[in-house]
Amino acid sequence: MKIQFAPTDLPLTRRLQMASVLQWVFSFLGLAPCCIMMFLVLMFTRFWLISVLYACWFFVDWKTPSKGGRKFHFLCHLRVWDYMRDYFPVKLVKTADLDPGKNYILGFHPHGVLVAGAFINFCTYATGFRKLFPGLDSFLLMLPLWFRAPFFRDYIMMAGLIPSDKESASYLLRRQGGGNAVVIAVGGAPEALDARPGAFTILLANKKGFVKLAMEHGAHLVPVFSFGENELFDQVENPRGTCLRWIQDKLQSIMGISLPLFHARGIFQYSFGIMPYRKPINTVVGRPIRVEKNEKPTVEELDALHQLYTEELSQLFEEHKGKYGVPEDQHLSFV
């Protein structure tokens, strides 16, 4: 394989953009194991007291992730996120106003490999979420597994990440006065296994938990489609029914996290690595779907709202796909 090396005379801005994405990729893929290892290693050194004190803090602070977390706004404003935004680049597109007096569930599609668009748009202020939607505070749901990692849990909470369970989302959605936008990557980890350039497969047909959650709390539903999310990485072919896909699905059902075999470009060369491609991400926030509070919805009511959401998401995609290079004959595939 011929390797295409990066030029040596790249401007400083480009290098800073690369560094910002590199730290994010490391945080997503390697920081949690490193934090766990550090916690354990410290126990067998003269700094053992740090681990002991943190263990006590961990016990006392156990419920914080499920009670809105601990978002630090200054962290969301850091310049590093501006560089990350410009690396791709990432843009947040508003199509309608969202009343800050209401609570919302934003359904994010597609998941992609590393949900880059969801993170930069809703966990940082680099793309102007607070200016586009004044009065709203966004919280991105993440697998509860990561909130059990010492030190790492505190880091991700500062960015507005909370566990992806009903208790955590409900805590925010039942707050009086509104102003909370809970962002859910509806397809979850399984959808990452279908994330590859040109793919528009959306896991939604049997995903009704977020719809029921919206009905129970009277939170309005907002479909969000991130054009370019699946273009960031290539993935080893794993069609449904193959041995590789069976193994991946089995591991996902056991561990709760998916293991897509992805690759893209490197740090100093463009031929192979785990750095995402520099492809634009345009995240379009659709019109809100009004939801009346119904603590015990019937199956028919749940199915009707789920169908309406599916239609709104499909319409959002059709209305905007031409602006972002999607062929006219390409449509969403719901599974």
Do [X] and [Y] come close enough that some side-chain heavy atom pair is under 4.5 Å?
X	Y	result
Asp249	Leu193	yes
Val291	Lys102	no
Thr310	Ile202	no
Leu114	Phe119	no
Asp61	Arg70	yes
Ser66	Ile162	no

Set of residues satisfying side-chain hydrogen bond (donor to acceptor under 3.5 Å, both in side chains) with respect to Asp165, sequence neighbours excluded:
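Counting only residues at least two positions away or on another chain, Asp165 forms a side-chain hydrogen bond (donor to acceptor under 3.5 Å, both in side chains) with Ser168.
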Who passes side-chain hydrogen bond (donor to acceptor under 3.5 Å, both in side chains) against Glu301, sequence neighbours left out?
Asn294, Thr298
Report the C-alpha separation of Ile289 and Leu305 in whole Å, then their side-chain angles, then the decisive distance to 0.1 Å, and conclude whether the side chain to side chain contact (heavy atoms under 4.5 Å, CB included) test is met.
CA-CA 9 Å; Ile289 301 170; Leu305 183 56; 4.1 Å; yes
For residues 219-269, which residue pairs pass the ring pair (Phe, Tyr, Trp, His ring centres under 6.0 Å) check, not counting sequence neighbours?
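Qualifying pairs: Tyr104-His220, Phe225-Phe227, Phe225-Phe317, Phe227-Phe317, Phe227-Tyr324, Phe233-Phe262, His263-Phe272.
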Keeping to residues at least two apart or across chains, list the ring pair (Phe, Tyr, Trp, His ring centres under 6.0 Å) pairs with something in residues 285-312.
His109-Tyr309, Phe210-Tyr309
Leu244 vs Leu261, side chain to side chain contact (heavy atoms under 4.5 Å, CB included): CA-CA, chis, key distance, verdict
CA-CA 10 Å; Leu244 174 59; Leu261 300 179; 3.9 Å; yes
List the steps and the verdict of side chain to side chain contact (heavy atoms under 4.5 Å, CB included) for Leu78 and Met84.
CA-CA 11 Å; Leu78 291 179; Met84 182 178 172; over 6 Å; no
Within this structure, what is the [atom1]-[atom2] distance for the pair [X] and [Y], rounded to the nearest 0.5 Å?
X	Y	atom1	atom2	value
Gln248	Leu251	CD	CG	8.0 Å
Lys323	Asn282	NZ	CG	10.0 Å
Phe152	Phe147	CZ	CZ	8.0 Å
Leu313	Glu318	CG	CD	10.0 Å
Asp194	Asn238	CG	CG	7.0 Å
Arg287	Glu312	CZ	CD	5.5 Å

Over all atoms of both residues, closest heavy-atom pair of [X] and [Y]:
X	Y	answer
Leu316	Gly286	CD1-CA, 3.7 Å
Pro297	Met215	CB-CE, 3.5 Å
Pro134	Pro100	O-CB, 3.5 Å
Ala264	Leu232	CB-O, 3.6 Å
Ala192	Pro260	O-CB, 4.0 Å

Tell me who clusters with Leu12, hydrophobic residues only, linked when side chains sit under 4.5 Å apart either directly or through other members.
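Leu12 clusters with Leu16, Tyr83.
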Transitive ILVMFWY cluster of Leu203, excluding itself - 4.5 Å side-chain cut-off
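Once heavy-atom contacts under 4.5 Å are chained together, Leu203 belongs with Val335.
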For a quick test of your reading: what N or O donor-acceptor pairs under 3.5 Å do the side chains of residues 30-51 make, sequence neighbours left out?
residue, atom, partner, partner atom, Å
Thr45, OG1, Leu42, O, 3.0
Thr45, OG1, Phe47, N, 3.1
Ser51, OG, Phe39, O, 2.7

State plainly whether one hydrophobic cluster holds both [X] and [Y], where clusters connect Ile, Leu, Val, Met, Phe, Trp and Tyr through side-chain heavy atoms under 4.5 angstrom apart.
X	Y	answer
Tyr54	Ile156	no
Leu75	Tyr125	no
Ile274	Phe88	yes
Phe151	Trp62	yes
Leu308	Val186	yes

Derivation and outcome, ring-ring contact (aromatic ring centres under 6.0 Å, His included), residues Trp146 and Phe28
CA-CA 10 Å; Trp146 302 120; Phe28 201 97; 7.4 Å; no
Between Glu319 and Gln315, is there a side-chain donor-acceptor contact under 3.5 Å, judged purely by atom types and distance?
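Short answer, yes.
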Under 3.5 Å, sequence neighbours excluded: what are the donor-acceptor pairs made by side chains of residues 169-185?
residue, atom, partner, partner atom, Å
Ser170, OG, Lys166, O, 2.8
Ser170, OG, His217, NE2, 3.1
Asn180, ND2, Leu172, O, 3.1

Show your reasoning for whether side chain to side chain contact (heavy atoms under 4.5 Å, CB included) applies to Asp303 and Lys208.
CA-CA 8 Å; Asp303 288 344; Lys208 300 179 182 179; 2.7 Å; yes
N/O donor to acceptor pairs below 3.5 angstrom from side-chain atoms of residues 135-145, sequence neighbours left out:
residue, atom, partner, partner atom, Å
Asp137, OD1, Lys71, NZ, 3.0
Ser138, OG, Phe122, O, 2.7

Flag, side chain of [X] to backbone of [Y], donor-acceptor distance under 3.5 Å:
X	Y	value
Glu216	Lys293	no
Arg148	Arg153	no
Glu229	Gly117	yes
Tyr87	Pro276	yes
Ser271	Gln4	yes
Arg245	Pro239	no

Would you mind listing every side-chain hydrogen bond (donor to acceptor under 3.5 Å, both in side chains) that reaches into residues 13-41, with sequence neighbours excluded?
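Listed by first then second residue: Gln17-Arg278.
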Sequence neighbours left out, what pairs pass side-chain hydrogen bond (donor to acceptor under 3.5 Å, both in side chains) with at least one residue falling in residues 112-121?
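Sorted result for residues 112-121: Asn121-Thr127, Asn121-Thr283.
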Listing, residues 89-98 side-chain donor-acceptor contacts under 3.5 Å, not counting sequence neighbours, or none:
residue, atom, partner, partner atom, Å
Lys94, NZ, Asp97, OD1, 2.6
Lys94, NZ, Leu132, O, 2.9
Thr95, OG1, Val285, O, 2.5

So, Lys207 and Glu191, do they make that salt bridge, N to O below 4.0 Å?
no
